[in-house]
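As the structure lists them, so they are numbered: ligands from 1, and atoms in each ligand from 1.
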Amino acid sequence: MKSSHKTEDFKLDLPRRPRRLRRTDSLRRMAQETFVRVEDLIAPLIVKESGEKEPVGSMPGLYRLSIEDLVRECCELAELGVPAVAIFPNMDASLKDALGSEAGNPDTLTLRAVRALKKEVPQLSVITDVALDPYTSHGHDGVLNEDGSYVMNDETVARLCQMALLQAEAGVDIVAPSDMMDGRVGAIRSALDEAGHIDTAIMAYSAKFASAYYGPYREAVGSASAAGTTLLGKETYQMNPANRREAIMDALMDQDEGADFVMVKPAGAYLDIIRELRDAAEVPVAAYQVSGEYAQIHAAAKLGWLDYEKTRDESLLAIKRAGADVILSYFAKEVAAKLNG
Ligand code: PBG
């Protein structure tokens with residue numbers, strides 16, 4: 001070793017030293033490329049028929065809310081500057097049947113919730129799910145064939161159009177088909193336009209993967225059966241987690257059919273899809289940080305294995321950095337409160 005390689009007078013001749021901009025907090029702030037803003041956050045909320053708010057076991061901090069409590073919660077979210085909520089119904093088991101008939105009831109829970117929200121908190125955008133799973137006894141997102149071995153595509157799309165129309169009539173700002181049937185975005189767009197709902201937007205769950213991360217949500221809305229106890233899984237309509245090209249293709253089809261937003265779901269394990277779709281699509285890209293992503297951060301923090309706030313914030317920042325324009329997240333409210341200082 002040459003004497004100049006002694007530790008004390010060792011000098012690298014570097015044209016760039018990236019650590020210069022990491023030295024102080026103010027320098028790090030100036031160099032920061034990505035920010036999560038309150039405007040980026042959409043809060044998913046679960047509505048139920050009546051009674052006290054009910055905690056969801058695997059999702060600490062999330063409750064099933066009566067319409068009255070939902071309105072209260074949404075006032076707080078609007079106050080914090082959160083631009084939108086996505087509402088999902090927890091239906092009484094007595095209202096479920098094989099066809100999901102309750103989805104066609106013009107006075108069903110979701111529609112009453114939308115009317116109440118548009119009346120009481122009109123500045124907040126409301127997004128409703130278009131899918132049959134909260135209403136079907138088997139928990140599938142559509143109508144099954146005779147022997148229960150397949151979810152019928154076109155028959156289901158007809159039902160989804162009917163649902164989307166009812167939601168538009170109730171005053172919802174954005175309908176969000178989460179079913180993954182082929183051709184449903186175009187069909188819903190035509191149905192809405194024909195009825196004069198030209199300004200009702202569509203947020204398409206475009207790259208929705210058949211994911212294990214949905215488990216806690218199925219407990220929250222009570223649609224667990226399709227996840228495990230029936231022979232038919234959701235992988236005959238949701239995407240194979242192994243597929244990247246197919247995800248981009250399916251999302252671009254939704255864009256061509258008239259989707260105003262395309263969505264990737266789940267988010268954290270699919271950051272490559274978010275990035276690639278951001279580069280390929282023209283419309284805003286939404287990412288859904290799903291129930292299991294929320295639950296795993298809570299669980300690890302509870303065990304003392306991860307720092308709750310830091311992991312939460314990093315998970316959202318990573319989704320934003322990957323290219324998401326908006327993020328549906330069960331952390332929305334607490335993060336908005338933190339960002340408001
Ligand atoms: C189904 C639907 C699912 C979620 C929202 N809508 C899951 C499923 O396919 O069973 C999951 C949301 C979450 O996990 O947070 N229409």
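- Atom numbering of ligand 1 starts at 1 in the shown order; those under 4.0 Å from a heavy atom of A131 are 16 (N).
- A cation-pi contact links K53 to Y63, judged by a cut-off of 6.0 Å to the six-membered ring centre and 45° from its axis.
- Short contacts between ligand 1 and S178, defined as distances under 4.0 Å to a heavy atom of the residue, involve ligand atoms 1 (C), 6 (N), 16 (N).
- Donor-acceptor pairing under 3.5 Å is lacking for the side chains of D307 and T311.
- Within ligand 1, counting atoms from 1 as listed, the ones closer than 4.0 Å to a heavy atom of K234 are 8 (C), 9 (O), 10 (O).
- Near Y288, meaning under 4.0 Å from any of its heavy atoms, are these atoms of ligand 1: 12 (C), 15 (O).
- At a heavy-atom distance under 4.0 Å, only side-chain atoms of D133, from C-beta outward, approach ligand 1.
- Each of the atoms 1 (C), 16 (N) of ligand 1 lies under 4.0 Å from some heavy atom of D141.
- Within a 6.0 Å radius of CZ in R112, other residues, nucleotides and ligands contribute more than 12 heavy atoms.
- On a distance-only criterion, Y205 and ligand 1 share no N/O pair closer than 3.5 Å.
- With a heavy-atom cut-off of 4.0 Å, D129 touches ligand 1 through its side chain alone.
- Below 4.0 Å from some heavy atom of K208 lie the following atoms of ligand 1, by number and element: 1 (C), 2 (C), 3 (C), 6 (N), 7 (C), 8 (C), 9 (O), 16 (N).
- In this comparison of Y217, Y213, Y237, the heavy atom closest to atom 13 (C) of ligand 1 sits on Y217.
- Atoms of ligand 1 lying under 4.0 Å from at least one heavy atom of Y330, given by number and element, are 12 (C), 13 (C), 15 (O).
- Between Y237 and H140, the ring planes lie perpendicular to each other; the angle is over 60°, past the 30° to 60° tilted range.
- In this pair, Y308 and H298 present their aromatic rings tilted. The plane angle is within the 30 to 60° band.
- Atom CD of E49 sits in a crowded spot, with more than 12 heavy atoms from other residues, nucleotides or ligands closer than 6.0 Å.
- Nearest protein heavy-atom contact of atom 9 (O) of ligand 1 is Q238 NE2, 2.7 Å.
- Remark: minimum distance from atom 10 (O) of ligand 1 to any protein heavy atom is reached at R218 NE, 2.5 Å.
- Counted by atom type alone, S211 and Q238 present zero donor-acceptor pairs between their side chains at under 3.5 Å.
- With no hydrogens or angles considered, no side-chain donor-acceptor pair links S101 and N105 at under 3.5 Å.
- Atom 4 (C) of ligand 1 has as its closest protein heavy atom K265 NZ, 2.7 Å.
- In the hydrophobic clustering (ILVMFWY side chains linked at under 4.5 Å, chained through shared members), L27 is joined by L21, M30.
- Residue-level proximity to ligand 1 for S291 is carried by backbone and side chain together, each with a heavy atom below 4.0 angstrom.
- Using a cut-off of 4.0 Å between Lys/Arg side-chain N and Asp/Glu carboxylate O, K338 and D313 are scored as salt-bridged.
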